[in-house]
Amino acid sequence: MKTRMNYRQANPGALATMFQLEKFINSSGLDKTLIELIKLRVSQLNGCAYCVAMHAKDLRKLGVEEERIDLIPVWREAPVYTEAEQAALALAEAVTHISEAGVPDDLYDQVRVHYDETQFVTLIMVINTINSWNRIAISTGMFPGCDRDW
């Protein structure tokens with residue numbers, strides 16, 4: 001496999017902008033495991049192998065059990081996620097596929113049971129940011145391990 005380009009070298013300003021979004025997310029106070037679960041699930045939905053591999057690895061570094069990593073594609077049927085995590089994952093799926101049904105009121109209400117307005121907006125930023133990373137990686141032909149030599 002071969003990448004199409006090294007986007008980091010091609011446009012460092014774009015990379016810096018994305019890292020600013022990550023800095024905001026990482027300083028938001030949201031649980032790091034939750035952030036990584038969202039990133040993994042969204043990356044799976046988008047079919048981004050590079051990001052799936054990265055976020056599964058990041059979850060392992062955080063000490064997350066393999067079962068929770070393995071079952072994320074079927075999180076609705078797996079009793080290993082909290083209600084708050086389930087609400088955030090449902091939101092992540094809805095926002096990722098926003099053109100299909102938007103974010104229904106009942107989902108908004110479900111998320112708001114667990115997260116205040118500030119946290120809700122931060123969740124949206126996590127979801128938007130990983131969707132952007134996925135689109136960058138897929139568009140430039142990235143795959144797991146492709147950046148080892150960059």
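Values below: every heavy atom of this structure, side chains too, minus hydrogens, waters and symmetry copies.
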- Message: To the nearest 0.5 Å, what is the distance between CE on Met5 and CE on Met142?
- Response: 11.5 Å
- Arg8 side chain to Leu15 main-chain N or O, any donor-acceptor pair under 3.5 Å? no
- Query: Does one hydrophobic cluster hold both Phe120 and Val113, with members joined at side-chain heavy-atom distances below 4.5 Å?
  - Reply: no
- Decide yes or no for Arg76 and Glu93: does some side-chain heavy atom of the first lie under 4.5 Å from some side-chain heavy atom of the second? yes
- Message: To check you understand the geometry: which heavy-atom pair defines the closest contact between Arg68 and Val80, and what is its length?
- Response: NH1-O, 2.5 Å
- Task: Enter the distance from Ser28:OG to Asn26:CG here, rounded to the nearest 0.5 Å.
- Result: 7.5 Å
- Check: Phe24 main-chain N/O paired with Ser27 side-chain donor or acceptor under 3.5 Å: yes
- Could you grab the distance from atom CZ of Arg4 to atom OG of Ser139, nearest 0.5 Å is fine? 7.0 Å
- Would a 4.5 Å heavy-atom cut-off, applied to side chains only, mark Cys51 and Gln44 as touching? no
- Distance from Ile127 atom CD1 to Ile35 atom CD1, nearest 0.5 Å? 11.0 Å
- Linking I/L/V/M/F/W/Y whenever their side-chain heavy atoms sit closer than 4.5 Å, directly or via other members, would Leu45 and Val126 fall into one cluster? no
- Message: Donor-acceptor check, side chain of Asp116 to backbone of Thr118, threshold 3.5 angstrom: yes or no?
- Response: yes
- Query: Can you tell me how far CG of Leu91 sits from CD1 of Ile38, rounded to the nearest 0.5 angstrom?
  - Reply: 7.5 Å
- Query: Quick one: does His55's side chain get under 4.5 Å of Asp58's, heavy atoms only?
  - Reply: yes
- Go through the steps for Asp147 and Tyr50 under the test side chain to side chain donor-acceptor pair (under 3.5 Å), then give the verdict. CA-CA 10 Å; Asp147 57 349; Tyr50 179 85; 2.3 Å; yes
- Message: Restricting to non-hydrogen atoms, name the atom on Ile72 and the atom on Arg41 that form the minimum distance, rounded to 0.1 Å.
- Response: O-CD, 3.6 Å
- Query: Can Ile138 be reached from Val95 by stepping across I, L, V, M, F, W or Y side chains whose heavy atoms are under 4.5 Å apart?
  - Reply: no
- Message: Tell me the closest heavy-atom pair linking His114 and Ala87, and the distance in Å.
- Response: CD2-CB, 3.9 Å
- Lys39 (side chain) donor-acceptor with Leu34 (main chain) under 3.5 angstrom: no
- Is any side-chain heavy atom of Leu71 closer than 4.5 Å to a side-chain heavy atom of Glu77? no
- Task: Report the distance from atom CD of Glu36 to atom OG of Ser43, rounding to the nearest 0.5 Å.
- Result: 9.0 Å
- Message: Can you confirm whether Asp109 is buried at CG, in the sense that more than 12 heavy atoms of other residues, nucleotides or ligands lie under 6.0 Å from that atom?
- Response: yes
- Flag if over 12 foreign heavy atoms under 6.0 Å of CD, Glu117: no
- Side-chain donor or acceptor of Asn11 paired with backbone N/O of Tyr7 under 3.5 Å: no
- Task: Using a 4.5 Å cut-off on heavy atoms from C-beta on, say whether the side chain of Ile25 contacts that of Leu30.
- Result: no
- Note on the structure: Closest non-hydrogen contact found for Glu85 with Tyr115 is N-OH, 4.0 Å
- Is any side-chain heavy atom of Thr3 closer than 4.5 Å to a side-chain heavy atom of Thr140? no
- Message: Donor-acceptor check, side chain of Gln86 to backbone of Tyr81, threshold 3.5 angstrom: yes or no?
- Response: yes
- Query: Cluster question for you: counting only ILVMFWY and a side-chain heavy-atom cut-off of under 4.5 Å, with indirect links fine, are Ile124 and Met18 together?
  - Reply: yes
- Item | Heavy-atom side-chain proximity of Glu66 to Arg60 below 4.5 angstrom | yes
- For atom NZ of Lys57, is the number of surrounding heavy atoms from other residues, nucleotides or ligands below 6.0 Å larger than 12? no
- Looking only at heavy atoms, the pair that brings Leu40 and Val52 closest together is CD1-O, 3.6 Å
- Check the angle between the aromatic planes of Phe19 and Trp133 and answer parallel, tilted or perpendicular using the 30° and 60° thresholds. tilted
- Query: Any chance CD of Glu83 has more than 12 other-residue heavy atoms, nucleotides or ligands included, within less than 6.0 Å?
  - Reply: no
- Closest approach of Val103 to Ala94 (non-hydrogen atoms, all atoms of both residues): CG2-CB, 4.4 Å
- Give a yes or no on whether Leu107 and Met125 share a hydrophobic cluster (residues Ile, Leu, Val, Met, Phe, Trp, Tyr; joining criterion: side-chain heavy atoms under 4.5 Å apart). yes
